[in-house]
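To keep things clear, I will list the structure first and then write my remarks on it.
Order of the sequence lines sets the chain letters (A, B, ...), proteins ahead of strands, with each chain counted from 1.
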Amino acid sequence: MTLLRGRGYASVNYPTGMNLGGDPSQALIHATTMGGFVISLSSVDLGQGLKTVVAQCAAETLGMPMENVIVDTADTDTGPHCMGTFASRGTHRIGNAVIMAAREAREVMLAVAADELEVDAGDLETDGTGFVRLKGSPATEIHIQDITLAAHFKQGKTISGRGIFLKERNYPVPETGEMDPDSCQAHACTVAEVEVDDETGIVTVLSLHNAYEIGRALNPAMAAQQVEGGGWMGVSHAVFESTEPYYPASRDHGPVDFCEYLMPGPAEIPVQSSVILERPASNGPFGAKGIGEMTANAPIPAIANAIFDACGVRLTTMPFTPESILRGLDALRA
Amino acid sequence: MRIVNLKVNGVGKTFIARPETTLLLALREQLGLTGAKRGCAQGACGSCTVLLEGEPVVSCLVPAVTVDGADIATVEGLADGPALSHVQQAFLDGFATQCGFCTPGMIMSAEALLDRNPDPTRDEVNEAISGNVCRCTGYEPIVSAILDAAVRRREGAKL
């Protein structure tokens, strides 16, 4: 028995969003009487952190603290339209829509504040802690709670805003095939180190080293977590998750639970290191591109290349099971 | 149908259980404690983990009538007012949650581990949470948070 070590790398260019019939998402924002800003969306946060990121976008644009932002991902019957949280589009599309809505709401907020302070709205600024104040004369200030109360009960205004981001439908040029299928592209590279047991055929992924260029990382901690969680999924796709031996020969007796459909547990995870590179996209919310699905992409071919480097077996079908390794080794020896 | 008495997070609770009522179902639907999650409902994912007499169990496989009189600890009982337990605070500080569905089970498995082994190795942590499935984080932040919580608990105990 020999443990063979190998290294491989792979890179990925990943388009943000899609372009079938156009790719829009909408956002609405309105202020409560208590100085909160409610963002209404139909977009779903299923753990990827969308609520956090859009709250950051709104807070930054409004000039208000994060605590003043309430994200309501209501439902698709009653909320503003969203194509959905897929295709790594959430941060880019919905973030842009929220920024547009927050800009409009900010204008009304400043206009209401200007009336209360008896100054010109153009001379006002936000301080980020909840106050709107006169530039150069910070003592002339009014808190957001007083602004919203004045808007609701005195001036008769709604502090609100509408936002949409639309990636317009784009048709290919028939002669050349040229088209504009996406709004921006993120790039990444992963280096994988593996150990292949030439007796059992078991592949152990020892480490993943990731470099991601994702525009601006709006929330660096969540971006890093996305990279490493996605890296785990890549390992899982590459060497664990299999519907064998039943599917596709028979669909009747496939794996039915986590005992038969294996995924790596905490003892099987590789060491990971990740670097985030930031080259802001001109059309992204504060420069952000999408980082979602791509995080599970590069690890898989990187692991395949590392297996080839370790033992000379070139595998093109996932997952890279012990059986496929051993058959590959037999073929090399024949 | 039987009347079942439990001590849940130190408080006596009484409810009526059918033979097929699981501990998980009783906690969630009869006692209103929705921290333990119903994931696979067959004992394979660990998201319903609670402590039964201090030992972690998958509450989806425990018939409630079989644990009459038992002491149950759920994630709701860990915090003391606004003060989180060391494990909870370490999860928060270490960014060890993503979608959050596995988190209550992970935390209860970790509490049980640290109760019986205050200074676990990384391998021992891996083993302790090997019955808890996480699909988001890749486990590393969770394992690190539990090791961090062990340090906090030991240092807290010294004070």
Side-chain angles (χ1 to χ4, degrees), chain A residues 44-53 73 85 90 190 192 205-210 217 219-238 240-241 255-274 291-293 295-296 299, chain B residues 37-49 56 58 60-61 87 90-107 109-110 113 120-150:
Chain A
V44 177
D45 190 334
L46 38 76
Q48 80 277 47
L50 182 80
K51 282 183 170 178
T52 304
V53 162
T73 51
T85 44
T190 292
V205 182
L206 302 172
S207 67
L208 295 177
H209 304 283
N210 312 297
N219 188 314
M222 292 202 312
Q225 196 185 48
Q226 183 72 33
V227 168
E228 301 197 358
W232 174 86
M233 285 193 193
V235 172
S236 193
H237 294 319
F240 283 87
E241 296 180 39
V256 294
D257 58 32
F258 294 132
C259 303
E260 293 176 40
Y261 189 80
L262 292 183
M263 293 179 287
E268 285 98 18
I269 55 173
V271 173
Q272 291 200 55
S273 66
S274 307
I291 174 178
E293 294 175 31
T295 56
Chain B
K37 299 287 182 275
R38 186 175 186 267
C40 67
Q42 54 186 8
C45 79
S47 64
C48 65
T49 304
V58 278
C60 71
L61 294 187
V87 175
F91 268 60
L92 188 61
D93 295 343
F95 216 57
T97 69
Q98 204 161 319
C99 86
F101 201 83
C102 74
T103 309
M106 285 284 184
I107 286 176
S109 291
L113 167 69
T121 63
R122 183 167 277 265
D123 283 346
E124 286 167 337
V125 172
N126 288 344
E127 190 182 341
I129 62 167
S130 60
N132 295 81
V133 174
C134 170
R135 188 67 173 165
C136 299
T137 63
Y139 294 101
E140 162 54 34
I142 294 171
V143 175
S144 294
I146 295 171
L147 291 169
D148 178 29

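If you measure heavy-atom distances from Leu46(A) to chain B, the contacts under 4.5 Å come from the backbone alone. When heavy atoms are compared at a cutoff of 4.5 Å, Pro264(A) approaches chain B solely by way of its backbone atoms N, CA, C and O. Interface residue Met222(A): backbone and side-chain heavy atoms are both found under 4.5 Å from chain B.
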Mind listing the donor-acceptor pairs under 3.5 Å that bridge chain B and chain A?
{"residue": "Phe95(B)", "atom": "O", "partner": "Gln225(A)", "partner atom": "NE2", "Å": "2.8"}
{"residue": "Thr97(B)", "atom": "O", "partner": "Gln225(A)", "partner atom": "NE2", "Å": "3.1"}
{"residue": "Arg135(B)", "atom": "NH1", "partner": "Glu241(A)", "partner atom": "OE2", "Å": "2.9"}
{"residue": "Arg135(B)", "atom": "NH2", "partner": "Glu241(A)", "partner atom": "OE2", "Å": "3.4"}

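If you tally non-hydrogen atom pairs under 4.5 Å between each of Cys136(B), Cys45(B), Cys99(B) and chain A, the highest count goes to Cys99(B).
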